[in-house]
Amino acid sequence: MLLSDLLINIEHKFISGEDKEITSLVYNSRKVENGSVFVCLKGSSFDSHTITRDVCNAGAVAIIAEHEVEHSDDCTLVIVDNTRKALAYMSCAFFGYPADKLKTIAITGTKGKTTTASMIKYILEEKGMKTATIGTLGIVMGENIIKTDNTTPESYEIQKAMSAMVDEGYDAVVIEASSLGFKWHRTDGFVFDYGVFTNFSHDHIGGVEHSSMEEYFACKAMLFNQCKKGFANIDDEKYDKLVELASCDVTSFGFSENADLRCTSTSLLNRNGFIGVHIETVGMVELSADVAVPGKFNAYNALAAVAVCNDMGASSDEMSRGLSKVKVKGRVEPVKISDKFTLLIDYAHNALSMENVLTTLREYKPKRLVTLFGAGGNRPKVRRYEMGEMSGKLSDLSVITEDNSRFEDVNDIIDDILIGMHKTEGKYVVIPNRCDAIRYCIENAEDGDIIVLAGKGHEDYQEKKGVKYHLDEREVIQDVVNSLKCD
């Protein structure tokens, strides 16, 4: 492929050198090889414009930069206004514009992106569409999960993943499009078929993220200028502003009588190990469905999924089946081992997230709410105090154990958790080994209990003394169940 073929949709200027045959597109200097074109990126702590001489020595035949940089005489230098934007467009071209061969759905919002993405995936698969996701859980293609550093990966990684999806016969991909993803041009270069806005609240302000709430919202609003059809939560206070800024048609969902897809009622479900919410809808779709994710707020996520999938041709039966089966790995994820009690895995790892999940589960009126949790090592101690106090207030029983203790002694971390716990009258037990603690919860479960294993969520490791050991709580649970059967 010629360098000029990659630059076809980008304003650029050749400073030195000529058009060349390119074998690879690279933005990580460690991956440079003979024939590479290297794109310089400036991050919060490192600017690769400073290492271009080394990149040339490693075999790069062309460099894309925002200003003149050092380079060898036989290396072509091209200047662009924004290298992150250039990387996105070049990646689309390098991988053959894979988005044109898939149905692409983007979801933005402060909360609910991962859950809504999973709901859409489950419904589309009921419709017979092979569907992948890109987001918090990584790049998920069936049982294959590629971990990523960001909710919305770098543009090159997105295009590479979509190319692989096309090769493997996928029909659709759902992408969690974060505000930072838009800010750093990670989704540039193509237009989404569908865009979803879930909600907006305070988050990601300061440091290397967003300078203000205004910038944060402006970045999220970019989605509706990069998709063919938009779907938005009409009950969110930013809805009117979002529609005003949109260049596409926007369909609304929510509880408002003005919503195109309106939820008329919700009710909590807790039966035989199934915990979720029932929804009734009118308007563009009349639906009566059980959603296998707890909390009334998840009605909004379900509405978003229904609105999109209805436009994609899913039937009411397909939507109902998908919503009844949906699982979000590590987000109040049910692990069915008994009809007598409910066992959940969740990523809650600070006081606020614990408060959110435990308050939600309290609404289901369990006989006991049992919370297993620990706290991360080499992190502020105040988090531990707050987590202990929150669990003590909201749980009937706290099972205090290890999380990623990192370079600290787990018993020291537990002592800090107990400082917060002792501010409450909550009952607790201390079991430092997490596997033993999970066994304790299962062996001592009572009819009607809701047990939540908090902190690990989708993680499949336990970090101790700088080493990550394999630990998947789903496997631990199955081992416990198998041993109990043998007993």
Side-chain angles (χ1 to χ4, degrees), residues 44-45 110-111 114 136 149-151 178-180 201-213 216 295 297 330-332 344-362 369-434 436-438 441 451-459 461-469 471 473:
S44 59
S45 59
T110 305
K111 299 175 183 176
T114 304
T136 304
D149 294 330
N150 303 295
T151 296
S178 69
S179 57
L180 292 173
S201 60
H202 191 279
D203 203 359
H204 301 295
I205 307 300
V208 299
E209 296 188 300
H210 297 290
S211 60
S212 64
M213 287 289 284
Y216 178 38
F297 58 87
R331 303 298 195 274
V332 284
L344 306 166
I345 294 175
D346 193 77
Y347 189 51
H349 57 284
N350 57 43
L352 179 60
S353 55
M354 285 184 71
E355 180 180 23
N356 289 338
V357 70
L358 296 181
T359 300
T360 296
L361 295 176
R362 270 275 166 225
L369 179 55
V370 179
T371 306
L372 177 150
F373 73 102
N378 302 105
R379 297 292 186 270
K381 288 191 174 186
V382 66
R383 292 187 187 179
R384 305 166 191 178
Y385 309 150
E386 291 171 347
M387 291 173 72
E389 185 173 0
M390 189 60 65
S391 186
K393 287 179 178 178
L394 295 177
S395 306
D396 295 297
L397 176 65
S398 297
V399 180
I400 304 172
T401 186
E402 61 186 338
D403 202 305
N404 294 321
S405 52
R406 299 185 176 88
F407 290 96
E408 287 193 70
D409 188 301
V410 63
N411 293 303
D412 293 338
I413 297 173
I414 289 174
D415 287 342
D416 289 335
I417 292 172
L418 290 175
I419 291 173
M421 180 66 65
H422 290 154
K423 292 182 180 180
T424 74
E425 296 182 358
K427 297 179 180 178
Y428 69 89
V429 295
V430 173
I431 306 175
N433 181 281
R434 195 172 184 98
D436 291 343
I438 293 172
C441 289
I451 302 167
V452 56
L453 312 183
K456 299 301 293 178
H458 58 277
E459 292 180 351
Y461 64 87
Q462 184 82 34
E463 187 175 350
K464 302 179 184 179
K465 304 300 181 185
V467 179
K468 289 185 177 181
Y469 299 93
L471 189 146
E473 292 189 322

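- Using a 4.5 Å cut-off on side-chain heavy atoms (C-beta onward), M390 and L352 make no contact.
- In this structure a side-chain-to-backbone donor-acceptor pair under 3.5 Å is missing from D346 to G457.
- Taking CD1 from I417 and NZ from K381, the interatomic distance works out to 12.0 Å, rounded to the nearest 0.5 Å.
- Here the shortest heavy-atom pairing between A348 and S353 reads CA-OG, 3.4 Å.
- When only modelled atom types and interatomic distance are considered, Y216 and T110 share a side-chain donor-acceptor pair under 3.5 Å.
- Closest heavy-atom contact between M354 and S391: CE-CB, 3.7 Å.
- Considering CG of N433 and OG1 of T401, their distance stands at 6.5 Å, rounded to 0.5 Å.
- Contact of the V452 side chain with the V332 side chain is not registered, since no non-hydrogen atoms from C-beta on lie closer than 4.5 Å.
- Remark: K456 qualifies as a cation-pi partner of Y461 under the 6.0 Å distance and 45° angle criteria applied to the six-membered ring.
- Closest non-hydrogen pair, V399 versus A437, comes out as CG1-CB, 3.9 Å.
- Taking each heavy atom of S395 and L358 in turn, the nearest pair found is OG-CD1, 3.8 Å.
- Expressed to the nearest 0.5 Å, how far CD1 of I451 lies from CG of L372 amounts to 9.5 Å.
- Between the side chains of H349 and R383, no donor-acceptor pair is found at a separation under 3.5 Å.
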Q: Please report the C-alpha distance between N150 and L180 in whole Å, then the side-chain angles of each, then the deciding distance to 0.1 Å, and finally whether the side-chain contact (heavy atoms from CB on, under 4.5 Å) criterion is met.
A: CA-CA 9 Å; N150 303 295; L180 292 173; over 6 Å; no
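- Summarising the geometry, atom NZ belonging to K465 is positioned 8.5 Å from atom CZ belonging to F407; distances are rounded to the nearest 0.5 Å.
- When all heavy atoms of E459 and N404 are compared, the pair lying nearest together is OE1-ND2, 3.3 Å.
- T424 places a side-chain N or O within 3.5 Å of a backbone atom of M421 that can act as its donor or acceptor partner.
- Side-chain atoms of V357 and Y347, non-hydrogen and from C-beta on, never get closer than 4.5 Å to each other.
- For D409 against N411, the heavy-atom pair with the smallest separation is OD1-N, 2.7 Å.
- Between L344 atom CG and R331 atom CZ the span is 14.0 Å, to the nearest 0.5 Å.
- Judged by distance alone, the side chains of H422 and Y385 never bring a donor and an acceptor atom under 3.5 Å apart.
- Salt bridge annotation for R379-E408: absent, with no cationic side-chain nitrogen under 4.0 angstrom from a carboxylate oxygen.
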Q: Decide yes or no on side-chain contact (heavy atoms from CB on, under 4.5 Å) for V430 and Y428, but give the supporting numbers first.
A: CA-CA 7 Å; V430 173; Y428 69 89; 4.0 Å; yes
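- The pair R362-D396 counts as a salt bridge, with a side-chain nitrogen and a carboxylate oxygen less than 4.0 angstrom apart.
- Within the 3.5 Å criterion, the main-chain N or O of I400 finds no donor-acceptor partner in the side chain of S398.
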Q: Check the pair T371 / L397 against side-chain contact (heavy atoms from CB on, under 4.5 Å), numbers first and verdict last.
A: CA-CA 6 Å; T371 306; L397 176 65; over 6 Å; no
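- With hydrogens and angles disregarded, a donor-acceptor distance shorter than 3.5 Å links the side chain of E402 to the backbone of R434.
- Distance check, rounded to the nearest 0.5 Å: CE of M387 to CG of D416 gives 12.0 Å.
- Between E425 and K393, none of the side-chain N atoms (NZ, or NE/NH1/NH2) sits under 4.0 Å from a carboxylate O, so this pair counts as no salt bridge.
- Under a 3.5 Å cut-off, the side chain of N378 and the backbone N or O of R406 do not form any donor-acceptor pair.
- Inspection of the T114 and T136 side chains reveals an N or O donor paired with an N or O acceptor under 3.5 Å.
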